[in-house]
Amino acid sequence: MEAVVLKPGREKSLLRRHPWVFSGAVASEPSVAPGATMAVRGADGDVLGYGSWSPLSQIRVRMLAFGRDTVPDADFVRRLVAASVARRAGCGAARLVNAESDGLPGVVADLYSGWVVCQFTSAGAEYWKWTIADALMEFLPGCRGVAERADADVRAREGLARGGFAVLRGEEPPEFVEIDENGLRFLVDVRNGHKTGFYMDQRDARAAVRSLASGREVLNCFCYTGGFGVAAAAGGARSVVNVDVSEPALALARRNHELNAQTSQTLQTSQTPQTFVCADVFKYLRTCRDEGRKFDMVVLDPPKFAESRSQVMKAARGYKDINLLAMKLLRRDGVLATFSCSGAIDEELFLKILAEAAADAGRDFQVIGRTGHPFDHPVSLAFPEGRYLKGEILVCRG
Ligand code: SAH
């Protein structure tokens, strides 16, 4: 088998089962096709494991198996998919495969009520695409179809073509797929929505917001399709203002609110007036400040501000800015549910940014809860890069 040979001393991370080999660690390259599986040898020639070859990426190899005994083939990949699906057994809407942390680098598969939407963002993921689609059809009970979204920018870094939405196996999903999250209903636009359509990684955080929302005037910033707004209404919020720059996202947020207001199970939501504002949150928070508006709960769930470590300082300023402004809008005992999905900003730094924002706002806050990855977005201990989502639930004490 063709092999990548590492430079002396560069086998350490593989021995700790970290799944990435960077270009700087590679002494000699194999002549295999992008995405193909090859052995990885240490400088002494020992086989350390097997991975997928990404000749154009800084991450040259993404590991599939460690040690010399397991040579990954299609059946190996099928079994990984089966195991990953089995760990989410019984879920109607869940992440079925969470990339490196489930042993399948670059592969994301999200389940929305029988329809699976995948993203393949590495050469190896693309190489195994059809095997994975077939395995999802085979091992997921009630699977109606497997589609892919090939519009993620990161595909370019691996030399993969940018595409759109395509059905790989099974049926074409409807225009909007309805899912259930903690007893609430959401329409998901699997073709045009962000990523695969819905931010299921915030499921636990929405439940936390719901449990704290009773009687509160809520400002839901970066609302996308209304997840936190619907949750707050279901928790008995007095009112919810939803803000986003995207008109299509707001249109779906409105529909999701109406969908839940109609169902008897969530009667509370029909009594909560919701408004939908198309605005830049950075500006909208300043407008609220200038108008002297106050809220009892603010949700801040911005997009990723730091794409890489080089953007950490700029991102930190962005997080501080919106959090400082939000803190000023809160009444005493008000709740700030604030999130960061930038992997390059760890929780310690995020808390530091929040502490600085509170100091500059002249307010006292306590942390009363933290949220993070739900069970279907697991993080492998060997792959801390997989931990991107942080949530802090703060209460204003004065
Ligand atoms: N809270 C959402 C997910 C947020 S995703 C949920 O629960 O589903 C981030 C959202 O921020 C996107 O919908 C994007 O359109 C929006 N966004 C990005 N920059 C923005 C800005 N400057 N002002 C307002 N919205 C913004």
Side-chain angles (χ1 to χ4, degrees), residues 93-95 110 112 117 151-153 176-182 184-190 192-210 213 218-235 237 240-257 259-260 269 274-288 297-307 311 314-315 317-323 325-326 336-343 371-374 377 388-393:
R95 174 152 294 187
D110 287 337
Y112 300 117
V117 186
D151 50 351
D153 292 337
F176 297 103
V177 180
E178 191 178 314
I179 62 163
D180 178 292
E181 181 187 86
N182 296 324
L184 301 175
R185 295 154 75 196
F186 292 97
L187 296 172
V188 180
D189 182 349
V190 293
N192 308 301
H194 294 176
K195 303 192 182 216
T196 65
F198 195 72
Y199 291 90
M200 287 194 285
D201 55 358
Q202 288 286 44
R203 185 190 307 117
D204 294 353
R206 292 193 197 101
V209 160
R210 180 178 179 172
V218 178
L219 174 60
N220 178 21
C221 297
F222 308 97
C223 70
Y224 186 48
T225 55
F228 283 102
V230 170
V240 182
V241 178
N242 296 284
V243 188
D244 203 284
V245 275
S246 160
E247 286 281 11
L250 284 164
L252 204 48
R254 203 182 285 270
R255 284 185 67 181
N256 282 330
H257 172 60
L259 187 65
N260 287 281
T269 57
Q274 298 240 1
T275 42
F276 301 88
V277 181
C278 189
D280 178 337
V281 165
F282 288 84
K283 292 188 184 139
Y284 188 78
L285 290 171
R286 287 180 164 78
T287 306
C288 289
M297 181 183 247
V298 178
V299 178
L300 289 178
D301 185 24
K304 204 197 273 183
F305 286 167
E307 293 289 340
Q311 295 172 356
K314 187 165 167 275
R317 282 195 292 276
Y319 286 118
K320 183 174 171 189
D321 187 40
I322 54 172
N323 280 283
L325 288 161
L336 175 62
T338 182
F339 305 95
S340 163
C341 59
S342 301
T371 66
H373 293 237
H377 290 64
Y388 61 90
L389 186 59
K390 299 150 292 288
E392 306 294 336
I393 317 282

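Source: prediction; values computed, not measured. Atoms within each ligand, like the ligands themselves, are counted from 1 in listed order. Quick note: numbers below take in every heavy atom, side chains included, and nothing from hydrogens, waters or symmetry partners.
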- With no hydrogens and no angle check, do the side chains of D301 and Y199 hold a donor and an acceptor under 3.5 Å apart?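 There is no such pair between these side chains.
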
- Going by distance alone, is a donor N or O of one side chain under 3.5 Å from an acceptor N or O of the other, for Y112 and T196? yes

Kindly identify the option in [options] whose heavy atom sits closest to [atom].
atom	options	value
atom 25 (N) of ligand 1	L285, N220, V245, T225	V245
atom 7 (O) of ligand 1	K283, R206, E247	R206
atom 15 (O) of ligand 1	V299, D244, N256	D244

So is [X] polar-close to ligand 1, meaning N/O to N/O under 3.5 Å?
X	value
F222	yes
A249	no
Y199	no

- Query: Aromatic rings F305 and F282: how do their planes relate, parallel, tilted or perpendicular, breaks at 30° and 60°?
  - Reply: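 It falls in the tilted class, 30° to 60°.
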
- In terms of the angle between their ring planes, are F198 and F186 parallel, tilted or perpendicular, with boundaries placed at 30° and 60°?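 Correct class here is tilted.
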
- Item | Sole candidate of L250, V243, N220 that passes side-chain contact (heavy atoms from CB on, under 4.5 Å) when paired with V277 |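 Exactly one option meets the side-chain contact (heavy atoms from CB on, under 4.5 Å) with V277, and it is V243.
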
- side-chain contact (heavy atoms from CB on, under 4.5 Å) partner of C221, the single match among L300, N242, D244: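 So, applying the side-chain contact (heavy atoms from CB on, under 4.5 Å) to C221 and each of L300, N242, D244, only L300 qualifies.
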
Starting from [atom], find the nearest protein heavy-atom neighbour and note its residue, name and distance.
atom	answer
atom 23 (N) of ligand 1	V281 N, 2.8 Å
atom 1 (N) of ligand 1	D301 OD2, 2.7 Å
atom 19 (N) of ligand 1	P303 CG, 3.9 Å

Taking only heavy atoms of [X], which atoms of ligand 1 are found under 4.0 Å from at least one of them?
X	result
A279	23 (N), 24 (C)
F228	1 (N), 7 (O)
Y224	2 (C), 3 (C), 4 (C), 8 (O), 13 (O)
S246	15 (O)

- Task: Mark yes or no for whether T371, through its side chain, and A205, through its backbone, hold a donor-acceptor pair below 3.5 Å.
- Result: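 Absent.
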
- Measure the distances from the heavy atoms of D280 to every atom of ligand 1 and state whether one is below 4.0 angstrom. yes

- Message: Taking a cutoff of less than 4.0 Å between a non-hydrogen atom of the residue and any ligand atom, is C221 in contact with ligand 1?
- Response: no

- Task: First locate atom CG of L187, then atom CZ of R255, and finally report the distance between them rounded to the nearest 0.5 Å.
- Result: 5.0 Å

- Item | Flag side-chain contact, heavy atom, 4.5 Å: H257 against V240 | no

- How about F339 and V299: do any of their side-chain heavy atoms sit closer than 4.5 Å? yes

